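Naming convention: chains lettered A, B, ... in sequence-line order (proteins, then strands); numbering from 1 in each chain. Being a predicted model, the structure only gives us computed values, none of them experimental.
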Protein chains: 2
Amino acid sequence: MNIGEAARTSGVSAKMIRHYEASGLLRPAARRSNGYRDYGEVDVRELQFIRRARNMGFATIEIIDLLSLWRDRSRASRDVHHLAARHLADLETRIAEMQAMARTLGRLVTACHGDERPECPILDDLGRCPPSE
Amino acid sequence: MNIGEAARTSGVSAKMIRHYEASGLLRPAARRSNGYRDYGEVDVRELQFIRRARNMGFATIEIIDLLSLWRDRSRASRDVHHLAARHLADLETRIAEMQAMARTLGRLVTACHGDERPECPILDDLGRCPPSE
DNA sequence: GCTGCACCTTCCCATCATGGGAAGGTCAAT
DNA sequence: ATTGACCTTCCCATGATGGGAAGGTGCAGC
């Protein structure tokens, strides 16, 4: 199957498939005599795996490890668990940071009347001299 | 004041100060006879403004607008409010997306026993054939 | 056979915020 | 004069994704 069909079937764009190959995430695809990449069922399943992992926010470098664990039938689930738990903690940290931003911003947005007058708590806050930082 | 001192005072790295200037976020700094950039109090206050806005997750392009509103004493707070509300909505969308990832991943991490056995619900989920997508 | 269209290839560029580092000029203190 | 800390510009890298150019291939219709 051509890269286009593999892309359609797996939900990963052809651009990204080539990119994953170049990044060492996927082994170099088989080539037909005309130089076209040739994919089979197994490849499509790997691509779907990658897509699902990306949907959960795993970075390429983590997916490399996840893929090799997936392929390894004698893996220890501990290794997968460790990888996933680390990523989860990471996600939660970033969520907390963004929530802190959103909380601050939400307070300011509520405080700003948002009419034609120039007074604006949002700008006041941004321009406020930091206390003693 | 040299760029290094402006960086220390404002909390924005010298690299980023130059970058903001090149991006049109800041007007070109004054130069001394030796070619060094020269900053004053006002510049440092703008840098702090930028830093605070970045801490709330505003993108450069939004900060350009925020800065011009900040400088404009006859602005309408409506414009600031609109900008901030849009960014807040954006933040909340991204938080929700990440929370969805974290929820899914959290369930899987809990389900994975994480020992030396190869069975692993995390990999099973990632490798699962999508139902009818 | 030729034309046209859809597909493939590689290569380069752009995003966005940030930093690393090189090559070279300046300044102040010893 | 040397040294070390600073400054300048320029190029490169990150990470995931896409745009687009230039050129080859394959198939369908005429």
Side-chain angles (χ1 to χ4, degrees), chain A residues 1-26 28-40 43-44 46-67 87 90-91 94 97-98 101, chain B residues 1-26 28-40 43-44 46-67 87 90-91 94 97-98 101:
Chain A
M1 136 179 33
N2 279 345
I3 198 173
E5 194 182 344
R8 258 168 273 127
T9 314
S10 66
V12 178
S13 75
K15 273 284 201 205
M16 288 312 295
I17 296 178
R18 294 194 197 96
H19 176 69
Y20 290 148
E21 180 180 326
S23 316
L25 219 165
L26 297 172
R31 300 289 184 134
R32 311 198 114 132
S33 53
N34 57 13
Y36 286 17
R37 287 175 181 79
D38 193 15
Y39 297 92
D43 305 296
V44 169
E46 294 211 348
L47 285 168
Q48 285 166 342
F49 181 97
I50 292 173
R51 187 167 59 84
R52 298 179 63 85
R54 293 253 355 106
N55 284 347
M56 288 214 243
F58 283 100
T60 298
I61 192 153
E62 294 167 324
I63 301 182
I64 292 178
D65 294 343
L66 283 174
L67 262 177
H87 175 55
D90 216 70
L91 266 180
R94 280 186 288 146
E97 286 168 357
M98 293 178 69
M101 291 178 189
Chain B
M1 134 177 37
N2 278 346
I3 198 172
E5 193 181 343
R8 259 168 272 125
T9 314
S10 66
V12 177
S13 75
K15 272 285 201 201
M16 288 310 296
I17 296 179
R18 293 194 198 95
H19 176 69
Y20 289 149
E21 180 179 326
S23 317
L25 219 167
L26 296 172
R31 298 291 183 134
R32 310 199 116 129
S33 53
N34 57 10
Y36 286 17
R37 286 175 181 79
D38 192 15
Y39 296 93
D43 304 296
V44 169
E46 293 209 348
L47 285 169
Q48 285 166 342
F49 181 96
I50 291 172
R51 187 168 59 86
R52 297 180 64 85
R54 291 251 359 104
N55 284 348
M56 288 214 240
F58 284 100
T60 298
I61 192 154
E62 294 168 324
I63 301 182
I64 291 177
D65 293 343
L66 282 174
L67 263 177
H87 175 54
D90 217 70
L91 267 181
R94 279 186 288 147
E97 286 168 356
M98 294 178 69
M101 292 179 189

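Contacts between residues 57-66 of chain A and DNA chain D, defined by a heavy-atom separation under 4.0 Å, are made by A/Ala59, A/Thr60.
The two atoms that bring B/Met16 and B/Val12 nearest to each other are CB-CG1, 3.8 Å, heavy atoms only. Across A/Glu62 and A/His87, no two heavy atoms sit closer than the pair OE1-ND1, 3.8 Å. A/Ala7 and A/Ser13 make their closest contact through CB-C, 4.0 Å (heavy atoms, listed as atom of the first residue, atom of the second, distance). Of all heavy-atom pairs spanning A/Asp38 and A/Met1, the tightest one is OD1-N, 2.7 Å. Between B/His19 and B/Ser23, the shortest heavy-atom distance links the atoms O-OG, 2.6 Å.
If you walk DNA chain C from 5' to 3' and mark each nucleotide with an atom closer than 4.0 Å to a heavy atom of chain A, the marks span C/dC7 to C/dC11.
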Would A/Tyr20 and A/Arg54 count as a side chain to side chain contact (heavy atoms under 4.5 Å, CB included) here? Give the steps. CA-CA 12 Å; A/Tyr20 290 148; A/Arg54 293 253 355 106; 3.4 Å; yes
Quick one: which protein N/O atoms are closer than 3.5 Å to N/O atoms of nucleotides 4-6 of chain D? Pair and distance per line, please.
{"residue": "D/dC6", "atom": "O2", "partner": "B/Tyr36", "partner atom": "OH", "Å": "3.4"}

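Atom CG of B/Asp65 sits about 10.5 Å away from atom CZ of B/Phe58, to the nearest 0.5 Å. Remark: B/Ser10 OG to B/Glu5 CD distance equals 10.5 Å, nearest 0.5 Å. B/Lys15 NZ to B/Ile3 CD1: the interatomic distance, rounded to the nearest 0.5 Å, is 10.0 Å.
Contact check for B/Tyr39 versus B/Thr9: no side-chain heavy atoms found under the 4.5 Å cut-off. The side-chain heavy atoms of B/Leu26 and B/Leu47, taken from C-beta on, include a pair separated by under 4.5 Å.
At a threshold of 4.0 angstrom between heavy atoms, the contacts of A/Arg32 with the nucleic acid are absent. Across all strands, A/Arg37 comes closer than 4.0 Å only to sugar-phosphate atoms, never to a base (heavy-atom distances).
One can place CZ of B/Arg18 at 7 Å from C1' of D/dC7, the figure rounded to the nearest angstrom. For the pair A/Ile17 CD1 and D/dA16 P, the interatomic distance rounds to 16 Å; values are reported in whole Å.
DNA chain D is contacted by both A/Lys15 and A/Ser33; A/Lys15 maps to the nucleotide lying nearer its 5′ end (nearest heavy atom per residue). Of the residues near DNA chain D, A/Met16 and A/Asn34, the one whose nearest nucleotide (by heavy atom distance) lies more toward the 5' end is A/Met16.
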